[in-house]
Amino acid sequence: MDEQAPNYRREFIGSPHHAVFGLLTLGLGFLSANLLGLIVGGTLYSLGWLHLPDMPFFRRWVDRRHEAATRAAELQKVAEFVRRRDALLDSLSSSRRERYGRLAAVCRDIETAGADSPLASPDPTTDPRLRKLDELMWTYLRLLGIEESIEQFLETERREDLPAILRDAEAEAGRLTGEVDALKAKGDNAALETKQRYAGSRLERLEVLRKRQQRIQQAQENLELVVSEQDRLDQQIKLIRAYAVATKNAEALTARIDATVEHLDQTNKWLSELDEFKDLAADMPATDLRVGYAASVPPPLAGAAQPQPAGRLVTRQK
């Protein structure tokens, strides 16, 4: 990340170095209780104000302080992201959490295979290649969350036979239109006004039903694309593992990871355009630190009985 250089002179104002130096110059000048002492103290203070902020020892102190503050801020952003990621993972059905866990195991294989690479970072927490694995897994997790949300929506809509309701509404609209036309031909204005109001209400209902049907069709198309993107990403990560395990070529592995991340651009753009999934489409925090991809609490094993918190019933959609 590009960091703005600290303002050393501004930092000097609030530093302990300034306080100590001020006591040793101006303070002692006042304590001397004579004009010469005040002049010497003031002169030394002015010279120190000009030169001390540029001294190497002071700049090193400021740099260390800024680095510590920056790292603390980045760690905070990572912690907040991890809590959000774990909450999303925990909200998924058990089958989807297991799918995520299986792909996370593939990423661990990649880390293990690439650990001895000459291009591997001495600090895994800042390895840019491994951070790209985190990005791939975050995209995969978002796809799982969107898939589950769409399926829940479609399941809710399936409880009603919307196509049959829509057909009946269209037939009713045609019948009412004919009745209105017949009343107009007869010149029965009193009955015509009432019938037109009723027909208008039913036509508005028909329009709402059509919009629901369009939304269902769009959701089905989105679901197909989400599932396809999941499968593509799954295979891409497994291809990275093949490079990591079989070739032992650090440059080829890095190039394969970079190419996979570049292919995600279109996917991430599409995710950002889904207004109803804005919360799931958020990007990773802007930091050089890794956010990881493993859940804080591992997903439960398939078929294993899981204890439920007291006083709370938890259900999962399969």
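Numbers here simply count residues along the sequence, with the first being 1. Note: hydrogens, waters and symmetry copies are ignored here, and every other heavy atom, side chains too, is used.
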Identify, with sequence neighbours excluded, every residue that meets salt bridge (charged side-chain N to carboxylate O under 4.0 Å, His left out) alongside E160.
R212

If you measure from OG1 on T139 to CD on Q236, what distance do you get to the nearest 0.5 Å?
12.0 Å

Restricting to salt bridge (charged side-chain N to carboxylate O under 4.0 Å, His left out), what partner residues turn up for R158, sequence neighbours left out?
E155

Taking it one step at a time, do V226 and R142 satisfy side-chain contact (heavy atoms from CB on, under 4.5 Å)?
CA-CA 10 Å; V226 164; R142 287 186 291 173; over 6 Å; no

Is the side chain of Y100 donor-acceptor paired with the backbone N or O of Y293 at a distance under 3.5 Å, no angle test?
yes

Output side-chain donor-acceptor pairs under 3.5 Å for residues 167-179, partner residues at least two apart or in another chain, one line each.
from: E172; atom 1: OE1; to: R202; atom 2: NE; distance (Å): 3.1
from: E172; atom 1: OE1; to: R202; atom 2: NH2; distance (Å): 3.2
from: E172; atom 1: OE2; to: Y198; atom 2: OH; distance (Å): 3.4
from: E172; atom 1: OE2; to: R202; atom 2: NE; distance (Å): 3.2
from: R175; atom 1: NH1; to: E179; atom 2: OE2; distance (Å): 3.1
from: T177; atom 1: OG1; to: A173; atom 2: O; distance (Å): 2.8
from: E179; atom 1: OE1; to: K195; atom 2: NZ; distance (Å): 3.0

Hey, could you give me the CG/CD1 distance between L225 and I146, rounded to the nearest 0.5 Å?
10.0 Å

Using side-chain contact (heavy atoms from CB on, under 4.5 Å) as the criterion, list what pairs up with I216, not counting sequence neighbours.
F153, L154, E157, L162, Q213, Q220

State the CG-CZ distance between L143 and R232, to the nearest 0.5 angstrom.
9.5 Å

Across all chains, not counting sequence neighbours, the side-chain contact (heavy atoms from CB on, under 4.5 Å) partners of V227 are E147, L223

Give me the atom names and distance for the closest heavy-atom approach of C107 to L133.
O-CD1, 4.1 Å

Could you please spell out the steps behind the side-chain contact (heavy atoms from CB on, under 4.5 Å) verdict for E151 and R96?
CA-CA 12 Å; E151 286 199 350; R96 290 186 177 88; 2.7 Å; yes

All side chain to side chain donor-acceptor pair (under 3.5 Å) counterparts of R197, not counting sequence neighbours
E193

Between CG on residue L166 and CZ on residue R205, distance to nearest 0.5 Å
9.0 Å

Examine distances only and state if a side-chain atom of R97 and a backbone atom of L92 form a donor-acceptor pair shorter than 3.5 Å.
yes

Counting N and O atoms only, with roles assigned by atom type, does the side chain of S91 sit under 3.5 Å from a partner on the main chain of L88, one being a donor and the other an acceptor?
yes

Apply side-chain contact (heavy atoms from CB on, under 4.5 Å) to residues L144 and L89 and explain how you reach the verdict.
CA-CA 9 Å; L144 288 174; L89 182 58; 5.7 Å; no

Verify same cluster id: V208, L203 (apolar side-chain graph, 4.5 Å)
no

Distance from I110 atom CD1 to L239 atom CG, nearest 0.5 Å?
9.0 Å

Quick test of your reading of the model: are E111 and R241 salt-bridged, counting only N-O distances below 4.0 Å?
no

Please determine whether side-chain contact (heavy atoms from CB on, under 4.5 Å) holds for the pair M137 and L233, giving the CA-CA distance in whole Å, both sets of side-chain angles, and the decisive distance to 0.1 Å.
CA-CA 9 Å; M137 288 301 294; L233 187 53; over 6 Å; no

So, using salt bridge (charged side-chain N to carboxylate O under 4.0 Å, His left out) as the criterion, who are the partners of E207 when residues are at least two apart?
none

With sequence neighbours left out, the residues meeting side-chain contact (heavy atoms from CB on, under 4.5 Å) with E224 are none

Verify whether one side chain among Q218 and N222 offers a donor that lies under 3.5 Å from an acceptor in the other.
yes

Sorted by chain and residue number, the salt bridge (charged side-chain N to carboxylate O under 4.0 Å, His left out) partners of R83 (sequence neighbours excluded) come out as none

Sequence neighbours left out, what passes side chain to side chain donor-acceptor pair (under 3.5 Å) with Q76? Give chain and number order.
E80

Considering residues at least two apart in sequence or located in another chain, which fulfil the side-chain contact (heavy atoms from CB on, under 4.5 Å) criterion with Q196?
V180, K184, L192

